[in-house]
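Before any comments, here is the structure.
Throughout, protein chains are lettered first and strands after them, A, B, ... in sequence-line order, and every chain is numbered starting at 1.
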Protein chains: 2
Amino acid sequence: MAMDKQETILPNGLFMDLERSGPIPLYFQVSQRIEKAILSGELPAGSRLENEVALGERLGLSRPTVRRAIQEIVDKGLLVRRRGIGTQVVHGQVTRKVELTSLYDDLTNTQKVPSTTLLVLETVAADASIGEKLAVAEGSPTLHLRRVRLADDVPVAVMENWLPEEFIGIEPDDLVQHGLYQVLRSRGVTMRVARQRIGARKSTAEESALLDIDKNSALLTMDRTAFDNSGRAVEFGHHCYRPDLYSFEVTLVEK
Amino acid sequence: MAMDKQETILPNGLFMDLERSGPIPLYFQVSQRIEKAILSGELPAGSRLENEVALGERLGLSRPTVRRAIQEIVDKGLLVRRRGIGTQVVHGQVTRKVELTSLYDDLTNTQKVPSTTLLVLETVAADASIGEKLAVAEGSPTLHLRRVRLADDVPVAVMENWLPEEFIGIEPDDLVQHGLYQVLRSRGVTMRVARQRIGARKSTAEESALLDIDKNSALLTMDRTAFDNSGRAVEFGHHCYRPDLYSFEVTLVEK
DNA sequence: TATGGCAAGTTGTTATGACATTATCATCTC
DNA sequence: GAGATGATAATGTCATAACAACTTGCCATA
């Protein structure tokens, strides 16, 4: 056990160039540095981080600021805290923290070249189900999309989406050149929350053709409602992924 | 827009009986009350919560305490905050926040009667892959489990798990009567983090029989490594679920 | 040798206080 | 009427300070 509890003192150099009066919060900068040390192995799995009080003194920061920095990393599942003992690094290989991004952004972030085949771009009247998901009246106009996403020219997903009336003017070319969330961001939308249901089912004949897989293959599915920074629904989607090419990484952190 | 931004003042009665010197933190009690108001519709979707400063004054609490209470709910994806505007309720039907629990606990929490068929309980030497997942040396003894989980006597999942050496004494009867995490908790384990990969694949012939589904059906899969409060891996599992009976609800919240 | 008590160590909670940043609204000027 | 400016409103960041609760180690006593 002694080995697991070894305290690791991070070098001063790691925090030497914190920008004290720039736009980036200090707690964020400190958490980035500590996280970097974890990912690089400088703060090895099982070891203890220097205590909050000492770290704050060393960095010339208040304890709440240091606590906040550490809490950011705890929330990512990389550190765990224990009263009386200290803060330890979680074992195991670290997976990328899942972000509220579109598949396009995901693929780009993992060094793949995303591309898009636009199958459908139309205005349709919301049925009861879509109306409920988007919190709009049944029958009100919505933008309906259907696309195939490819990574390095291999089809990965079939994606069907519905957006509220205000997005009806989105151009086909934008959807081909960019991910949907990029397009929404360029229109000033700030995405804050997504509620997702992940499941599986057999592929339809059409999906099998679009994804270049055998008929009746297993598909990984994800239904999503995304909300902006005023709490309003801005997108509902039903996505189907090839499970050999895509999966979901989820980290759960207990309070 | 005016309608969406209506401020809702929660009645004093909602906070009347906060226990000021009990073991439960004040921020936690306040967040529970606000969450209750959201779930009951008293704080309707799109409306604004009373501002932090006023709420603190009204409740006789400091602003950081109120902020902490609100942040708990923001982290669950039920509220969104905007500087200069306030805190709004996210639209849409609320799903249960996913917790770090076993399927047994999940089922119990959704008023189903869980039961277990224990297929395998044995000690095996960890191969390279399991050794890596559990951070134990290849070849070291691990507890290997294979079970079918039923809900109301219908098979829902086939679950295969590996646990480190210290749990080798777990009794078969415990695993039949309780969920795995219950058993670990009763042994003093505090679970803090789980890393999960969710995917899909076709069922094997054996799985099809165990789950009472057609051959080559789609299965929803989840691989999980769970860590305790010292950051040590305490379980690796590979679970397969019937997608018609089980899916994953995941809420993503952007910082 | 085993048990209990106490001190030290570390995180957890809460408070007071101050200032910064963003958003909205009202007013003024052209 | 449109744009700019200033005031107000509300969240975001950071600091100082104090106390509580849990964990571990050491020492004294039976």
Distance, rounded to the nearest Å, where A:Leu55 contributes CG and C:dG9 contributes P: 17 Å
For A:Asn161 and A:His238, does a side-chain donor sit closer than 3.5 Å to a side-chain acceptor? no
What does B:Pro25 touch in the nucleic acid at a heavy-atom separation under 4.0 angstrom: a base, only the sugar-phosphate, or nothing? sugar-phosphate
Closest-nucleotide mapping onto DNA chain D: is B:Ser21 or B:Pro64 further toward the 5' terminus? I mean the 5' end. B:Pro64
Round to the nearest Å and state the distance from B:Ile85 atom CD1 to C:dA23 atom P. 7 Å
Checking contacts here: which listed nucleotide (C:dT14, D:dA10, D:dT16) is nearest the side-chain heavy atoms of B:Arg48? D:dA10
Figure out the CD/P separation between B:Gln71 and D:dT11, and round it to whole Å. 12 Å
In whole angstroms, the gap separating P of D:dG12 from CG of A:Leu26 amounts to 17 Å
B:Lys76 bridged to B:Glu72 by N-O distance under 4.0 Å: no
Salt bridge flag under 4.0 Å for residues A:Glu166 and A:Arg232: yes
Integer-rounded Å distance: D:dA10 P and B:Leu79 CG: 16 Å
At 4.0 Å (heavy atoms only), tell me whether A:Arg67 reaches a base, stays on the sugar-phosphate, or touches nothing. base
With a cut-off of less than 4.0 Å, is there a side-chain N or O of B:Arg81 near OP1 or OP2 of D:dA10? no
Please figure out whether A:Leu61 or B:Glu52 has its closest DNA chain D nucleotide nearer the 5' end. B:Glu52
Kindly indicate whether the side chain of A:Arg224, heavy atoms from C-beta on, has any atom under 4.5 Å from the side chain of A:Glu235. yes
Return the 5'-most residue of the pair B:Arg83, A:Glu50 with respect to DNA chain C, ranking by each residue's nearest nucleotide. A:Glu50
No-hydrogen, no-angle side-chain donor-acceptor test under 3.5 Å, A:Gln71 and A:Arg81: yes
Has B:Thr65 got a side-chain N or O lying under 4.0 Å from the OP1 or OP2 atom of C:dA15? yes
Respond yes when some side-chain nitrogen or oxygen of A:Arg63 is under 4.0 Å from OP1 or OP2 of D:dT16, and no when none is. no
Would you indicate, yes or no, if D:dT13 has its OP1 or OP2 atom less than 4.0 angstrom from a side-chain nitrogen or oxygen of A:Tyr27? yes
Establish, with yes or no, whether the OP1 or OP2 oxygen of D:dT11 is under 4.0 angstrom from a side-chain nitrogen or oxygen of B:Thr87. yes
